[in-house]
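Whatever order the structure lists ligands and atoms in, that order sets their numbers, starting from 1.
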Amino acid sequence: MTVIDLRSDTVTQPSTGMREAMAAARLGDDVYGEDPTVNKLEAEMAQRLGFAGALFVPSGTMSNLLALMAHCGRGDEYIVGQQAHTYKYEGGGAAVLGSIQPQPLEVQADGSLDLAQVAAAIKPDDFHFARTRLLALENTMQGKVLPLAYVAAASRLTRENGLALHLDGARLYNAAVKLGVDAGDITRHFDSVSVCLSKGLGAPVGSVLCGTADLIAKARRLRKMVGGGMRQAGQLAAAGLYALDHQIQRLADDHANAAYLAEGLRACGYEVEAVQTNMVYAQLGDRAEALKAFAAERGITLSAAPRLRMVTHMDVSRSQIEQVVTVFGEFNRQ
Ligand SMILES: *Cc1c(COP(=O)(O)O)cnc(C)c1O
């Protein structure tokens, strides 16, 4: 039985074309800066997103950490969403390893941070306070896309207040495809951007951090310090290059499948939040564990949470989504 895994878009297997590109990659020692395929990926990402430099790293967590540590020093502060990945799901790395104080703010229903709250959280230059240095946004945020006008307003606010602006763009391309814009139209408002190749883009490993030449030089030093310097990493970079060339536009299929799933579940009587990209949130309440077990017996892997997240990706087809709707319907009728 083929398992339908809806826990995350990180579960994808490299496609055949991607595996071929990986096998054929030209390699060198990237710590010496000599891996041609890593160098090509970094140049390609920098060019696509409009930055002077880029750095290939093993994970999105490391990419965000290096960005925060490159922007902020000991005793500095960054403003971030209470529900943001950098704050909530990265082990407190910025505080633990960077001595950077987070100032979390509640994320709004649309995935944004209220800019009036951000402005109010910026601390005056006073030795009682940490130095507010950076605002970190996330796009997509739980599947929600930040409007371009909002991003532009956030950029103006940070510039006026001498802050840097970082984007956790783990799913930047989902946002770009949804908006129908070039990813660079989003990233040009930021001082640094982290993009995951291993989410919906379908690569097995890797993220890329983009920024100014100076920021990337700092991040490169920090990457070595935290053990992220990789040697013949070109095989992984080749997967990323393949994803950029072949697996961006197809994200629209994931979005259509997520919308279809949400509609189908609503028709079976489930309460489902509005869908923008590849994430579907359904209210299961205390039935989450039972549904997880019921679905597992029928070849569907789910998380178990009262607010259940399901993520569509390249290894789940429309007909498999139809099966999922059928199984949810059976569960509701038993
Ligand atoms: C997955 C994810 C990350 C981190 O990526 P890893 O490669 O798993 O460390 C960062 N931010 C967001 C929004 C993510 O979804």
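Salt bridge annotation for Glu44-Arg48: present, with a cationic side-chain nitrogen under 4.0 angstrom from a carboxylate oxygen. Taking the charged nitrogens against the carboxylate oxygens, Arg231 and Asp29 do have a contact shorter than 4.0 Å, which makes a salt bridge. Salt-bridge annotation for Arg333 and Glu330: absent, with no side-chain N of the basic residue lying under 4.0 Å from a carboxylate O of the acidic one.
Nearest heavy-atom pair, Leu113 versus Ala136, reported as atom, atom and distance to 0.1 Å: CD1-O, 4.2 Å. Of all the heavy atoms in Glu273 and Gln283, the pair that sits closest is OE2-NE2, 3.1 Å.
Listed by chain and residue number, the protein contacts of ligand 1 are Ser59, Gly60, Thr61, Asn64, His85, Glu90, Glu138, Asp168, Ala170, Arg171, Cys196, Lys199 (heavy atom within 4.0 angstrom).
Every residue was checked against the side chain to side chain donor-acceptor pair (under 3.5 Å) condition with Arg26, not counting sequence neighbours, and none meets it.
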